[in-house]
Structure formats: C-alpha cells, structure tokens
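Below you'll find the structure, written out as structure tokens, and then a few comments.
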Number of protein chains: 2
Amino acid sequence: MAVKAQVLYDFTAEPGNNELSVQEGEILTVTNQNVGGGWVEARNSRGNVGLVPEDYIEINPGSTQAPATKYTDAQNQGYNSSSANTQGVNGNETWTATTWSNNNPVDNWNYAEQEPAGNNGSIYSFDEEWDDDSDDGKSTVGYGGSQMEEGGTMQRGGAHSTMKISLNKFPGFSKTPNPEVYLLTKSVAKGNDKLPIYAGEVGPVWLYPQIQLDCVVADPKKGSKMYGLKSYIEYQITPNTTNRPVNHRYKHFDWLYERLVEKFACALPIPCLPDKQVTGRFEEEFIKMRMERLQGWMSRMCRHPVISNSEVLQLFLNYRDEKEWKLGKRKAEKDEFVGVKIFSTIDPELPELDPGQVEQKYEMYSQFTRSMDNSVKELLAVGHLHWKRCTGPLQKEYRQIGKAFQNLSSVFNTSAYPRESTLTEALSATGKTYEEIAELVAGQVSEPKKDLHFLMETNNEYKGLLGCFPDTIAVHKAAIDKVKEADHLVTMNKISQQDKHIMEKNLSTMSYALQAEMNHFHSNRIYDYNRLMQFYLEEQVKFYETIAEKLKKALGQYTTM
Amino acid sequence: MAVKAQVLYDFTAEPGNNELSVQEGEILTVTNQNVGGGWVEARNSRGNVGLVPEDYIEINPGSTQAPATKYTDAQNQGYNSSSANTQGVNGNETWTATTWSNNNPVDNWNYAEQEPAGNNGSIYSFDEEWDDDSDDGKSTVGYGGSQMEEGGTMQRGGAHSTMKISLNKFPGFSKTPNPEVYLLTKSVAKGNDKLPIYAGEVGPVWLYPQIQLDCVVADPKKGSKMYGLKSYIEYQITPNTTNRPVNHRYKHFDWLYERLVEKFACALPIPCLPDKQVTGRFEEEFIKMRMERLQGWMSRMCRHPVISNSEVLQLFLNYRDEKEWKLGKRKAEKDEFVGVKIFSTIDPELPELDPGQVEQKYEMYSQFTRSMDNSVKELLAVGHLHWKRCTGPLQKEYRQIGKAFQNLSSVFNTSAYPRESTLTEALSATGKTYEEIAELVAGQVSEPKKDLHFLMETNNEYKGLLGCFPDTIAVHKAAIDKVKEADHLVTMNKISQQDKHIMEKNLSTMSYALQAEMNHFHSNRIYDYNRLMQFYLEEQVKFYETIAEKLKKALGQYTTM
C-alpha cells in the first residue's frame, strides 16, 4: 500500500544529488524509506522521484496498514486523536523495521547459525540479536503474546510473528493504555517502591537524589563469536557512583530501554535509543557516533530522578558478575509495577487537585510540547540545509576561490617581469588560506563536538524526547475521560460513590506526576539549551576568529604601498 | 541565424531562477543575448532553455553573419587566427547592438523629435545620441563609409546603415590593420608628436610624466532637453593638474574612447567604456555604478604615459569653453597620426632589434596575456558563483537560522516556568545576530566598495584590457609576416634593399613600442593586484571579525553555569 507523506518545510534540491524539491503542504508518495542517512525517496504529484530529508516530511499513518513501515513522525497524529485511538508508533525512530529485520529475534531464533542476509551497504549493523545467551531465550519468548493486557501494560508485540517482532523492535504504544485499572486502585506501594512528589519552588517536583547520577560510555571494543562469523561491539560504562566500569553490548541497552518503557512510559517520556539513525561510511565513524549517542541517552536516563533510582538502571550500571546480571534481568522482567500501575507507586504529599484544574494543565503541556516539537524540527531543518550547504557547495566554492588565486599567482610567475615575487607569493598564500577556510567551513558543521554538529545532536535528542509526550499525555487525558464518566457510572450502579472519590484522588496523583515530570523537563531544557547555545556560540566565535586570523596573516604578506 | 556558444566553465543552476545547468565544453544555442545583468538565455542540446552567466560561455563568432549580434568573448577567437583574419569584435562589450539601437545615430538622425522606442525595462539608457549639437552631425557622417582604409586606420563602420552603425557602437577591428603603410615610412614625427622610449630598469619603457595625471569623476547631474522629453546625466570631471572641473555626458566619453581607439589601438590596448554592462533596478544605483566605472576607465587612461599626454585627452580634461571644445573636437577628428601611423611617431632611442628576437617576445606576450585572461575569467566565474550564493541561498539560510532561534525563544517564553527569561532573551538576541550576519554575508559581496564587489570590478576591468591584447599583438604579428616577405619582394623588385632595411628598423620600433606597453601593463598589474588583494583581505578580515564580535556579544547574554 502506498505510503503518503506531507511536506512540513520547503526544500530545494541540490542539482545532481537525486534530490527532489518540495513545498510545504505538498503531498508525496514515499517510494523508499530505507535510503538511510536521514533521507527518504518520494514521488511528487507530477511523477518526479527523488530524495527528501526525512525531517522535512510527516508520513501519514493512516495511509498504510502495516505498522512496521510506519514513520517516525506518525506519532504526532496520535496527538490529535484525543484518547483511545492513539496509534502512534514510536516517535523517534527513523529506520523502518525492514531495514533492521535481519536483526529481529525470530530471524535469529530460526537461523541462529547464519549471517543475516540483506545487510544494507552503508549501514553498520552489528550483531545485536537476542539469541546468544541461551538463558535469555526463555525471557524473550516470555515477552508474551497478547498485545495489550487488561492491566494496561505498555507492552510491545510478542516474538512469535514477524509483524509483532517488528513492533518489538519499535517499542511504543499500540494503543493508549487504559488507566481504569489504576484509577480504581486503593493501595499505594510502600518502602523503596514509593515515588514521592514534593512542593518545590517551581511547583510539584520529584525527589532529586543528593548526588546526581551520571556515567561515562567509552572504550568500544569489538568482539566476535561463532568462530568470527558474528561480531559485536562492547562498550564500557562507568557510573560516577561506583567508578567501577561494567560492559554492555547494544542489545543490553535495548533491553534496558524496553524495561524502562514498560515500567515508566505512562508517566515519563522515555526517548528511544538513538543509534539506529546512525550511518557512517566507515566502521570507526559509525562506532564513534553510536557511542556518542548512547552516552547522551544514558546521561539523560541518569539525570532523571525517578529513572536513576530504579532497580533496573541500578542493575545495568552496578552488576558485579554474570550471575547478578542474569538474576537481576529475570527480576526486572517480572516486575509488576509497570504500565499505568506505576501511578500506584506515586505518592504526592500534596493536597488533592480538582479534575478541572488537571485538564487545564494538560492542555497547556500539550500545547507547549507540540510547539517546541515544531520549533526543534524547524531548527533541525535549517540546520540540516546549512550542514548540506557548508559541506557541499560552500566548501567547494572556497576551494575554487583558493584555486583561482593560486592560478593567478602561477600566471603572474610567468611574466618574466622583475620584482613581483612578493605579490605572487602573497597571492599563493592567499589561495592556500582560502583552501584552509574551505575545510574550516565544512569542519564547523560536520566534525564531532563542533558547532552545528552538537546543535543538531542535542536538538535531535529533544526531538526524540518531545515525540514521547503525546503518548504520555494521552494516558492522562484518557484518565480524565474516565473520571468524567464516573458520575454516570455511579448512577448506573457500576461503581460506588467511594470508588468515584478514589478515582478523583488517583487522577490528582497522576496530575502531580505529570507536573513533576514537566518541571523536570523544563529544568533540563533550560540547562541543556543554555549549555548548547553557549557551546555553539563559543565555537562559532572561534571559527570566525580563526578565519580572520588566517586572512590577516595572508594580508601581511603583501607589500605595503 | 542561430548564435552558438561554447561553455567555458561548469555552471550549476539554482532552482527556481530560470537558470540552466551547463558543463564545460558543451555547445549551446544562444536564444537571447539581451537579458541583462550578466546573463544570456541559451538552449542546450536537449532543448532546455535557461539563463547562463555570460562569463561562463564563449560565443562562437563564426556562427553568425551579423556582427551586431556578436558577443564579448568573440575576440578571443581572433587570438587563434594568427594574422590577417582577426575578426574579433570589441572584446569587452556585453550589450548587443540591438539593445542600444535606440541610441544609434541613424535612429536619432531620422527621428530626432521622438522618444526612442523599445526601451528595455531594467536597463537605464540615457539619451547619449549624437544629434543634439548640430555641428556634430557632419562629423558623425564624416566617420566615412569604407570600413578599412588603405592606411590601416582602426576605423569602425560608417554611419549610413544600421549594420554599420551597430559596428560603430562596437568599436574594434573588422580586420587586422595592415602595417605595410607604416613599415615603408621613412619620416618620423617631430616635436610634441614624438613618443620616446627609453631603456628602463625593467627594459624598454615609455617616458613617464613627472606628475602622474589623474582625475575625479563625480557629482552626476540629471539634465533634460526637448522640453523634458529627453534626459541625460552630466558628470563632473576634475583633473589633478588644473583642479578645475569640466562637465561631460556619456556621449563625450564615448567620443573620447573612439578617438583613442582610432589613434592608439594598434599600439596600446584601449579598454572599452565599461558602462554598457551596467544594469540596476534603480536609476540611482545605475548612475552610481556607471560613475564608478567611468572613474576606473578615466583613471586608467590618465595613468597611461602616452594617452595622458595626448592632445585629445588633454582637451577632454582641460577645455575652457564650448568653443575650445568644439574646435578641439574637429581637430582631433582630423588627426592623421592614427592607426598604424602611430608607430611613425614612436622614437626608441635604443639599438635596432633583430626580427627573430621580436617574434619570440610576441609569442611570450601572447602566451602571458592569454593565460592571465583565462585566470581572470576563472576568478570572475567563481566570484560570480560566490556572489550569487552569498546574496541568495546563504543570506536566506542565515535569516532562517536567526528565525529558528527566535521561534524557539518565543516557544520557551510560553512555558510558564519561572527563571528562564535570561535564556529566552539570549536566544532571541542570538536569532537577531544571525539575521544581522545574513545581511553582512550579502553585504560583503554586493555593496559597492566592499570585498568581492571591488575584486569583481577590478578583474572585470582587467578582462576588458586583456581582451584588447590579441588585436594589438595581431598588428605586430602581421608586421613580422610583412618583414619576412621582404626578401622575396626585393627579389621581385617590388621593393628596394633600402626599403627592406627601413622595414626592419620600423619593425624594431614597433617591437619597442609593444615592450614598453607590456612593461607598463606589468607595472600597473602589480600595483593594481597588490592594492586589490590588500583591500579585499582587509575587508574580509573586518567582515569575519565583525561577525565574531557580534556572536561574542550574543554569547555574553547566556548565564554562565
């Protein structure tokens, strides 16, 4: 079935790159989502086919029945459908399931001895399958078949069909979890499981730890098994609490991510593991980029007061041996306080809120996260264009200017006229300077840890994070709808007056959770963008000063007259 | 007849600008040379039509019979045809005769009372016709009908047919002047008419005046006549010798140019009046640009030791009243020492040269001017591309980056989260800074007296100058061929042994003239490019420092953490 997409921003094709110029609002037919490198192939209404940056389009989720081919921004659609029908697929995922199907559990389950086929040339896909530890096999199957349990667990598809496996590789909601089970719950978790919320200066806040957890992801090492047939990368993760490194492969990060989604995604946005977006022409580049993004993701998880304190993250960072790791894994997979049940562990030590107030706050949060999502995407779009311009035509142009000055110098050298060596040498130096500027221009945007690169990476992270909010907020909106029905249910004798009061109290708890989470988001956002902008501007100042310095040096070579 | 053109450099079209991507070596059919602004419309072999920068193509002069539609770079063809058949049209002219036919003498002669029709919208063409002073009418007709007199005067077409008038507006050689008349001349001009050549440090040099002549072209004033039906611009020219301003209209510059070509072009490259290339969306802009270029042309004429000393330039700069001007004009138009006869006024006080030495030098000069012509065109081509990029997509991109930062600031402002006004204000300031950078980026290349603008103007001037060398050198090569024939002519009794010696002596004089001229060219070239590059680099340093300064200021607005 044809996948349609709407164009979000004007995009002008660079000639000779197989690109397609598109205009905001235009509807395209996506012809290939597996192009890679941030591009999709699409056809416009005039039948022209070409590449379009994926950030520039929004694929219409209604246009296809196969969730596996759904697109990253599909989740935004869920935003508009107010409650039950939020069908968004994981908001941050830019690789389609088919690209990665060679890594899916069933393939590997059935063909464990074979090298996965259909490897995409320019995409590095190390062996991250789930079959190498035999004791994990059971737990993989144990993910369960039913797509949505009555408890409203945010559970991904099971492992028994390709379709479901694809979903499994795209964790997210297949529909909004039903908050009803929680709303009627009376008990509150005790002890360590309790998640308190306090009144902070900015409103309701989570309990922050004394020392903020963080970790360093470093030292990627290539390992292999099956007599070298399969290779993988192992990263060293060192938490600041123990300062003792643990090793993890990508599949372990993926496992952690799935646990966090299961347990927290109804209350907290859990951004996807970012690495599947990574492409690189060289293996080294790919590993470096993946590591950088895993670092960003891990730091974000560590900085979260609820997640950082969770047993599963503590296990991931602190396990002492294989035995502890395996036992911890099994325990985490059996955790009962997952999905909407997470709210029953939340204990706001604050006065109960009125449902009306709650609803108003949700609208504000919806509005803000949607606006910021748009703004971040705009920044990514212009940043992407600028990146393309700087590494492409602009770099080429400065090189050509440099070459033209050098050629003029060579011609002048043949004049046989005396006393012009100062000029020809200065001209040649000027030419070389412009060639250096060409490299600086491209470097400012493309080199890791530089200007635009960092700007893009951080905004990409936020794009992923913001993509999770609609689903999280949808759970809260569904809860409001349930509470609104409560009066009617009391009349119908389906629930007691007492039940209704519990529902309202629990709704208030949910609201505090969202407020605490929004305040956490805001404080992180301010910190991150402050740091980002300072870094970006510092680098930009350096960049322009370096160019001025180089040109000044070239200028000094000319004769003063 | 279809005008063909060969593509000199690859050019990539910017989408949406009606441009045509072309590749080096490709043959195009020119469909419209009157587009203006440095562009021509052309069709490629696949039938696509679009605009191509005129600097990127070379129109094939063999492809059309109508000289009026010949193209600027046609002259380069003359370069390759070694002697008699140098058919080059004026090398520097980018406007076709048809564009300017409303100004041609015959139109105005016949329809003096009418406003010229067919005025091209965006091209300012002030009334520069020749009919307003009745006493000039005769002299216009007096340009004569025969296209090439036996004396080898470098004379343009007559004024009696449209075709010839078109040629009249494209001064240049219709064929290489025959140097024979001069070669057999025994007499040498005396007194003031004598042009000495001395042995300088760098070789043969012209006699340079004690004080270098220069002038300031300024204060353009709009005048009108015929009850306001026709308007013209009068410029004030003030020479440094008298410090007394004289007024001239464009047509007077044109008259001066024609006299200088007639008199000197066999010996000295006389670059075209540059102004016909000027376009501007606003009259003011047009007048400013034309004045700037007239200034450049006049300064170059004043700086030339032979031209600066000529009666006609002295008249142009120093006439005291209308009567003196008119008398001087008539005298100049009757000057007999024009064309190849100019060499009979040259008196090198140096030992006679061997014809073999002479030929070798000519080859070297040919080679050098051709190489420099290519190099200057390359610089113009990349400069033009860069100009387009900076004023178009790059300026737009920096504006978009600025806008994106400001939008993010607006969104952050709606968060209702306390303590973020520092960030939103800093973000907004950053956005404004990038909008300012957008204007700086476009300004560095497009504003008069700025970086790339000056680089382009100076190189355009040199392109015009270099375009004259092939024709000048062709006269010298023709003289060598004549001298080579001399032995045969002696045998045939057509000339005496004495005549042969005179020819060889005269060839030596011609050679000294060219050497003196090349040395003048080299010394000017070194001066001009030194000055140009210093100015360009100084401006570029300022440009990058200004940006760094602005960004530093924006950076200072963020909270230090």
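Chain letters run A, B, ... following the sequence lines, proteins first, then strands; residues in each count from 1.
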Could you check which of B:Tyr529, B:Phe543, B:Tyr544 has the highest count of heavy-atom pairs closer than 4.5 Å to chain A? B:Tyr544
Heavy-atom proximity to chain A below 4.5 Å, by part of B:Leu455: side chain
May I have the step-by-step check of side chain to side chain contact (heavy atoms under 4.5 Å, CB included) for A:Phe469 and A:Arg370, ending in yes or no? CA-CA 9 Å; A:Phe469 274 102; A:Arg370 190 168 46 215; over 6 Å; no
In terms of heavy-atom proximity below 4.5 Å to chain B, should A:Glu397 be classed as side chain, backbone, both, or neither? side chain
Non-hydrogen atoms of chain A under 4.5 Å away: do they reach the side chain of B:Gln400, the backbone, both or neither? both
Applying a strict 4.5 Å limit to non-hydrogen atoms, the region of B:Asn519 in contact with chain A is both
For B:Phe405, which residues count as a ring pair (Phe, Tyr, Trp, His ring centres under 6.0 Å) partner, sequence neighbours excluded? B:Tyr434
Quick check: do B:Asp528 and B:Arg531 have side-chain heavy atoms less than 4.5 Å from each other? yes
Can you tell me which portion of A:Met518 sits under 4.5 Å from chain B's heavy atoms? Options are side chain, backbone, both or neither. neither
What part of A:Gln557 is in contact with chain B, defined as an atom under 4.5 angstrom from a non-hydrogen atom: side chain, backbone, both or neither? neither
If only atom types and distance count, is the side chain of A:Ser375 paired as donor or acceptor with the main-chain N or O of A:Ser371 below 3.5 Å? no
Would you mind reporting whether A:Lys550 and A:Lys553 have side-chain heavy atoms less than 4.5 Å apart? no
Taking every heavy-atom pair that is under 4.5 Å apart, which of A:Val202, A:Thr424, A:Val376 has the most such pairs with chain B? A:Val202
When only pairs under 4.5 Å are counted, which of A:Lys403, A:Glu549, A:Arg525 shares the most heavy-atom pairs with chain B? A:Arg525
B:Thr422 side chain near B:Tyr558 side chain, heavy-atom distance below 4.5 Å: no
Exceeds 12 heavy-atom contacts within 6.0 angstrom, atom CD of B:Gln360: no
Would you call B:Lys542-B:Glu539 a salt bridge at under 4.0 Å N-O? yes
Residue pair A:Val358 / A:Leu514, side-chain heavy-atom distance below 4.5 Å: no
When the 4.5 angstrom heavy-atom criterion is applied to B:Glu201 and chain A, the contacting part is side chain
Among B:Thr430, B:Leu537, B:Thr546, which residue has the highest count of heavy-atom pairs closer than 4.5 Å to chain A? B:Leu537
I want to check something: taking the side chain as every heavy atom from C-beta on, are B:Met372 and B:Phe521 in contact at a cut-off of under 4.5 Å? yes
Side chains of A:Glu538 and B:Leu555, heavy atoms from C-beta outward: is any pair under 4.5 Å? yes
Donor-acceptor pair, A:Asn524 side chain versus A:His520 backbone, under 3.5 Å? yes
Which region of A:Ser523, side chain (C-beta onward) or backbone (N, CA, C, O), has a non-hydrogen atom less than 4.5 Å from a non-hydrogen atom of chain B, or is it both or neither? both
Pull out the residues in residues 406-420 of chain A that come under 4.5 Å of chain B, heavy atom to heavy atom, sorted by number. A:Asn407, A:Leu408, A:Val411, A:Phe412, A:Thr414, A:Ser415, A:Ala416, A:Tyr417, A:Pro418, A:Arg419, A:Glu420
